[in-house]
Amino acid sequence: MPNDVPSRKNIRWTQFDYTSKCNFFITIDVHEKEHLFGTIVEGEMHKNEAGVMVDEAIRQLPERFPGTELLNYVVMPNHTHLLVYNGGGNYLADMMRWLKSVTTNKYIKGVKEKGWMPFNKTLWQRGYYDRVVRNQWEFDNVMRYIEENPVRWETDSRRGVPPCTPAIQNDESAGKIGRTRGYAPTVLILLVLFFVSCQAQPVRNDNMVEGANKNLSFMVGAECFIGTIANPTESTVDFVQDLRNPNGGGVAIVGNQSSLVGSVHLVDTLLAKGLNITKIFCPEHGFRGKAEAGARVGDETDAKTGLPIVSLYGKNKKPTPEQMKDVDFVIFDLQDVGCRFYTYISTLHYVMEACAERGVPCIVLDRPNPNCHYVDGPVLDPKYQSFIGMHPVPIVYGLTIGEYAKMINGERWLKDSLQCDLVVVPMQNYRRDSSYALPVAPSPNLQTLHSILLYPSLCLFEGTNISVGRGTDKPFEVIGAPQYRTTYMESQNREEPGMSTAFTPTPIKGVSENPPFKGQRCRGLDLSKVSIPARFDLTYLLWMYNHTPKDSFFKQTNSFEKLAGTDRLRKQIKAGLSEEEIRASWEPALSQYKEIRKKYLLYPDVKE
């Protein structure tokens, strides 16, 4: 008799021995997220009889499977987390199969004899999430996550109710776009844990500056993500299936020219992997990165794929409900440079907000941040909040874009304190203090690693009447103005903080079509060879202020305040304060931010 039952694909990671001695973090969900095991009251789990039964079964694991140690666990209303040490050569799948079987049988008996709430077809969801805990840092995170799980219940979408329910109660499409996929609780742990074990081989980044660690191999989040799509593990198979078969809609990509997997664009790669991409959202500078700063970027169609491109710069900074109605997942992949006024993190904010309002999962593919090795500068005063500064963070915030997404969510900075269903795909083997050059310019006027490292200290000149080299072959590596003057002795004694230079800005299509001081001879400093300290450096700002007419140094707008995030800095410069005095005024806010930042780190911090 032919077997009409389709066989289930083997979803184990064939390269890993699941009988090996190691710690496993495991999550098992109740089918359809039914609340069968109890309730959460004021951050405490109150188990009913069924919950007590599951608790007792979990405690029997070490006895049933000798060599297994139960390190921590929690039974929640509709799922359970376990941290176990497999020290006896037991096969993880056997342990989970036994646990599911014994609890299912006892639950059925409870339904028949004690009137427990019936379940639909099966007690547990097919499969389970597992992750090898590889080091002490991950171990501590898992322990904390399990212990705090009941406290986080109100924002945990494993409840079966999306965290943004009030915002979508009257939405006719609410029932068809996957509101209860349940990825939000994995933000704190599984985003670090199951995606790190991606299947692709590490890609060597050889574009590093002289003196950097040449032996470092790392994988960006996009490469890890593609490895997971191509070879899903038991931890990720359901997630990948949802991506391949979205619930009535498709996948939207937030990307630009930096969204690469090796040398191929993320959109092209995902289309080749069978994902149903329906549209592209693009930030400032456009999808191909050919629009200059501040230039209007309109909607268009991608010539290669025929996909619609929706601009998120200008009047339409946030995806509208109409633009999101056919979207089941959003994948965000942009190369950040780690500065508060670089607008990609503002685009991230609005994308997350739109996802939260619609109950759509937001997947952030993490990438290196060239300015991730330090934290410095004044913290934003909310009075000067704008698209070039949306959050109470310093100018250099020391986080990758994935870590920053976690902070936006965790600190509830979205409108109405919403939290989105966030999954961050972290990098593999990334070190925060390693220096490297990005393979693609993140925006038209940041063309070299040197300019990116100078950018935090030079961008404030955009609020002054000083050129930062737009319209030259060294944007953000030279500064100057027609009115710049130095004394003969300063020049002879090399007191200038850079080499004397002169340049004439000219229009460059797609880079700087109307640069400041167009056609005028500017004198100033060439900083392309200077050593760049790991700090937000006020040296250049103070030097130029003292060597140009002071009454016309600042623009007659509040653009300088928006970039600085405060009105104090302009006043301090005018008052003649030293850099040390100005830096002292950033406390205690700067130290307070550093403490907040620690909660969201995915990679070990750099010792100060």
Side-chain angles (χ1 to χ4, degrees), residues 25-59 70-83 103 106-107 110 114-119 123-125 129 139-169 174 179-193 352-353 356-357 359 361 406-423 592 595-596 598-600:
F25 173 64
I26 305 158
T27 298
I28 315 175
D29 285 318
V30 172
H31 182 55
E32 296 182 343
K33 296 182 173 60
E34 292 285 350
H35 293 197
L36 302 180
F37 301 148
T39 59
I40 301 292
V41 179
E42 295 182 351
E44 292 187 7
M45 175 62 184
H46 293 261
K47 292 186 285 288
N48 56 22
E49 285 186 283
V52 172
M53 176 272 294
V54 173
D55 189 291
E56 291 174 349
I58 291 173
R59 288 176 178 271
L70 184 61
L71 303 177
N72 204 352
Y73 74 98
V74 63
V75 177
M76 297 292 285
N78 60 2
H79 65 276
T80 182
H81 296 298
L82 302 89
L83 178 60
T103 52
K106 290 183 177 180
Y107 196 99
K114 301 181 180 181
W116 292 359
M117 183 185 298
F119 54 77
L123 176 61
W124 298 103
Q125 179 177 298
Y129 299 105
F139 182 88
D140 293 341
N141 273 324
V142 170
M143 290 289 284
R144 182 167 59 251
Y145 177 74
I146 291 175
E147 291 165 1
E148 296 178 356
N149 211 234
V151 178
R152 298 179 183 275
W153 178 245
E154 291 303 316
T155 59
D156 190 339
S157 67
R158 279 192 196 275
R159 292 183 302 156
V161 180
C164 55
T165 299
I168 62 171
Q169 282 178 340
R179 294 293 191 259
T180 61
R181 296 181 190 276
Y183 301 121
T186 64
V187 172
L188 299 177
I189 291 297
L190 292 184
L191 62 88
V192 182
L193 301 182
M352 290 175 61
E353 192 168 278
E357 291 171 347
K406 287 184 61 186
M407 184 166 65
I408 290 175
N409 226 30
E411 296 302 307
R412 294 181 175 269
W413 286 339
L414 302 180
K415 184 178 67 174
D416 299 328
S417 298
L418 291 174
Q419 288 184 306
C420 86
D421 197 350
L422 175 68
V423 176
Q592 291 167 350
E595 289 302 309
I596 294 172
K598 290 178 181 178
K599 296 187 293 183
Y600 303 105

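Everything quoted here is computed from the prediction, not taken from an experiment.
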Backbone N or O of Lys415 within a donor-acceptor pair of the Glu353 side chain at under 3.5 Å? yes
Any chance you could lay out the salt bridge (charged side-chain N to carboxylate O under 4.0 Å, His left out) test for Glu147 and Arg144, step after step, and finish with the verdict? CA-CA 5 Å; Glu147 291 165 1; Arg144 182 167 59 251; over 6 Å; no
is_close_aromatic(Tyr145, His81), centroid dist under 6.0 Å: yes
Using every non-hydrogen atom in the two residues, find where Gln419 and Gly410 come nearest and quote the distance to one decimal. NE2-CA, 4.0 Å
Before accepting this row, confirm whether a basic side-chain N of the pair Glu56/Arg59 lies closer than 4.0 Å to the acidic partner's carboxylate O. no
As a quick check of understanding, evaluate side-chain contact (heavy atoms from CB on, under 4.5 Å) for His35 and Val30, giving each step before the final call. CA-CA 8 Å; His35 293 197; Val30 172; over 6 Å; no
Roughly how far apart are Leu83 CG and Leu71 CG, rounded to 0.5 Å? 4.5 Å
With rounding to the nearest 0.5 angstrom, report the CD1 to CG distance, Ile28 to Asn78. 12.5 Å
Asn409 vs Tyr600 side-chain heavy atoms within contact, under 4.5 Å: no
Side chain proximity check, Pro361 to Val423, heavy atoms < 4.5 angstrom: no
pair Met76-Ile40: side-chain heavy atoms closer than 4.5 Å: yes
Where Val75 and Gly51 come nearest, the two heavy atoms and their spacing: CG1-O, 4.2 Å
Can you tell me how far the CD atom of Glu34 sits from the CZ atom of Phe119, to the nearest 0.5 Å? 11.0 Å
Is a side-chain N or O of Asp416 found less than 3.5 angstrom from the main chain of Leu418, in a donor-acceptor match? no
Quick one: CE on Met117 to OH on Tyr107, what's the gap to the nearest 0.5 Å? 6.5 Å
Stepwise side-chain contact (heavy atoms from CB on, under 4.5 Å) check, Leu36 with Leu123: CA-CA 9 Å; Leu36 302 180; Leu123 176 61; 3.6 Å; yes
Residue pair Thr39 / Pro77: nearest heavy atoms and the distance that separates them: CA-CG, 4.2 Å
Minimum heavy-atom distance between His79 and Asn149, given as atom pair plus value: NE2-OD1, 3.1 Å
Under 3.5 Å side-chain donor-acceptor pair for Tyr73 and Asp55: yes
How close do Thr103 and Ala57 get, heavy atom to heavy atom, and via which atoms? CG2-CB, 3.6 Å
For a quick test of reading the model, state the closest non-hydrogen atom pair linking Lys33 to Gln125 and the distance between them. NZ-OE1, 4.4 Å
Can you measure from CD (Glu357) to CE (Met352) and round to the nearest 0.5 angstrom? 12.0 Å
